[in-house]
Amino acid sequence: MEKRDTQKATLLIMALFALQPMAFGSWLAMIPHIKDTLSLSKSELAIALLGMPVALIPTLQLASRIVAKIGPRRTFAALLPIQTFAVLLPFVSVGTASLFLALAILGAVIAFLEVALNTYAGRLEKAAGLMIMSRCHGFWALGVGVGSFSATQLFGLGPVLAVFITCGVSGVLGVWAGLSLPRLTGEAEAAAAKPRKISQMPRTLFFISMFVFAVTIVEGAMSDWAAVYLAERWGGTAGNAGIAVTFFAGFLALGRFVGDYMKGAIGARGVARLTVGLAILGVCCLTLFNPIVFTFIGFALVGLGVSIGFPLGISQAASLDDTHESQNIATMAMIAMSGFLVGPPIIGFIAEAVSLRVGLMSLFPGLILAFYLTRIFPEGDSRG
């Protein structure tokens, strides 16, 4: 692959990793507003929030086949405009059931875009001998933060308009970037490859998936409940509470931006253990100390702590073979992202029965499991 094409592909895919999740970030910032508008209890909100992962996770396998056939570029061009309007559906919800359905539609759309992003980045790493996955996901986290910040700052214009402006601008830019991506070697072979059965997949893929599953439980819980938790602890308006998501996502992005360099310095296993350890410390700050400053310290440490797990898993899954990247990534993501399905409702039901602080304490077992599973990564191989 020529150097010019490599540089162009790298810049464009990182841009897409930032642009696509701005819609998701704007939705996260609106969760307190939707909760208040629909007068939902914590348990009702927890049930509604299941809509996105319930649709997203099973759609991943279908998405992997379609993305392999039509390619990431066409996927971006077709699905980014649809995402812009799908993210507005929660605003026309009238209760728990309709909010669940709205988020299910959004989750299905996001599944296709997630597979397209990670498939292209995985192919680029192999085709050009690069190590960019962590930084790509850093831009994804940055996009979530920018989306939540933009929607929060534009809240005064009205929540619907705030979200539409954020998603409309990012969607238009995303379509242009997607159509401008250079073609990579292996795309034709991937399009022609027959999907494998679960029994034919590498055993290593499932160990990778379990590690990322344990990490994404925490990431999903923090994404959905950070703003609600801050609103309870700090007070203020639902719009202001969205800064919790911005703060968490900002440190999530920071961890991912330095992740590739850290992996090169101390290996995949070393960086996995370091970051999971920080996440454990962060949950301690959130749940064991009363001063509000520890709440923000906790958001920062948890953001750093869960930053590396998913990029590590994506790189490892994509590297297992040269023709089934989409299916490997989708299978790992389907298992790993079940953490987004498990985490938020667990927190919500515990919060309803006891308190949200106790609900966040339930994240400790998953983080301890993740720390144990870091042994699956090579100790000194920077490519992980």
Side-chain angles (χ1 to χ4, degrees), residues 8-34 37 52 56 67 72-93 102-103 105-118 120-121 135-182 223 226-227 238-250 252-254 256-257:
K8 179 181 179 181
T10 301
L11 290 174
L12 287 174
I13 193 60
M14 287 183 175
L16 280 159
F17 264 92
L19 292 166
Q20 181 273 322
M22 287 179 65
F24 181 56
S26 66
W27 151 245
L28 294 178
M30 293 298 118
I31 289 177
H33 168 76
I34 295 293
T37 301
M52 185 176 294
L56 187 151
V67 171
R73 287 175 299 280
R74 292 180 181 176
T75 304
F76 294 131
L79 272 296
L80 281 169
I82 295 175
Q83 179 184 245
T84 298
F85 292 96
V87 78
L88 300 177
L89 293 176
F91 292 101
V92 298
S93 302
L103 293 177
I105 294 171
L106 179 59
V109 174
I110 290 175
F112 283 86
L113 293 168
E114 289 291 316
V115 171
L117 287 170
N118 288 297
Y120 192 90
R135 279 171 289 164
C136 283
H137 283 267
F139 279 104
W140 188 92
L142 181 62
V144 173
V146 170
S148 65
F149 181 78
S150 174
T152 299
Q153 296 304 304
L154 295 173
F155 193 82
L157 299 176
V160 175
L161 186 57
V163 171
F164 181 72
I165 291 173
T166 301
C167 300
V169 172
S170 62
V172 170
L173 293 175
V175 169
W176 170 81
L179 293 174
S180 301
L181 287 169
S223 295
N240 289 335
I243 198 68
V245 179
T246 304
F247 206 78
F248 167 72
L252 185 77
L254 175 62
R256 288 177 174 172
F257 282 130

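Computed from heavy atoms alone, side chains included, the values below leave out hydrogens, waters and symmetry copies.
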Can you name the closest pair of heavy atoms from [X] and [Y] and give their distance?
X	Y	value
A77	V175	O-CG2, 4.1 Å
L12	S180	CD1-O, 3.3 Å
V87	A23	CG2-O, 3.4 Å
P90	L103	CG-CD2, 3.9 Å
A86	L106	CB-CD1, 4.0 Å
A18	P21	O-CD, 3.4 Å

Legend entry - Residue list, side-chain hydrogen bond (donor to acceptor under 3.5 Å, both in side chains) with S170, at least two apart or on another chain: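 Not a single residue meets the side-chain hydrogen bond (donor to acceptor under 3.5 Å, both in side chains) criterion with S170.
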Inset, instruction - Apply ring pair (Phe, Tyr, Trp, His ring centres under 6.0 Å) to F76 and list each qualifying residue two or more places apart in sequence or on a separate chain. - result: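 Expected list: none.
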Report the distance from atom [atom1] of [X] to atom [atom2] of [Y], rounding to the nearest 0.5 Å.
X	Y	atom1	atom2	result
M22	L173	CE	CG	8.5 Å
L19	L80	CG	CG	8.0 Å
F257	C136	CZ	SG	9.5 Å
I105	I110	CD1	CD1	12.0 Å
L117	F139	CG	CZ	13.0 Å
F112	L56	CZ	CG	10.5 Å

Legend entry - Residue F85 excluded, over 12 heavy atoms near CZ under 6.0 Å: no
Can you pull the side-chain hydrogen bond (donor to acceptor under 3.5 Å, both in side chains) pairs that have at least one residue in [range], sequence neighbours excluded?
range	answer
residues 8-17	none
residues 21-31	none
residues 81-91	Q20-Q83

Show which side-chain atoms of residues 157-164 pair as donor or acceptor with protein atoms under 3.5 Å away, not counting sequence neighbours.
none

Inset, instruction - For the pair F17 and Y120, evaluate side-chain contact (heavy atoms from CB on, under 4.5 Å) and give the outcome as yes or no after the intermediate values. - result: CA-CA 11 Å; F17 264 92; Y120 192 90; over 6 Å; no
Inset, instruction - Indicate yes or no for a side-chain donor-acceptor contact from S148 to the backbone of V144 under 3.5 Å, with no hydrogens or angles considered. - result: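 At least one qualifying donor-acceptor pair exists.
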Legend entry - Geometric class of the F155/H33 ring pair [parallel <30°, tilted 30-60°, perpendicular >60°]: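 H33 and F155: perpendicular rings.
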Inset, instruction - Could you check if a side-chain atom of L16 sits within less than 4.5 angstrom of a side-chain atom of L181, using non-hydrogen atoms only? - result: yes
Legend entry - Minimum side-chain heavy-atom gap N118-H137 below 4.5 Å: yes
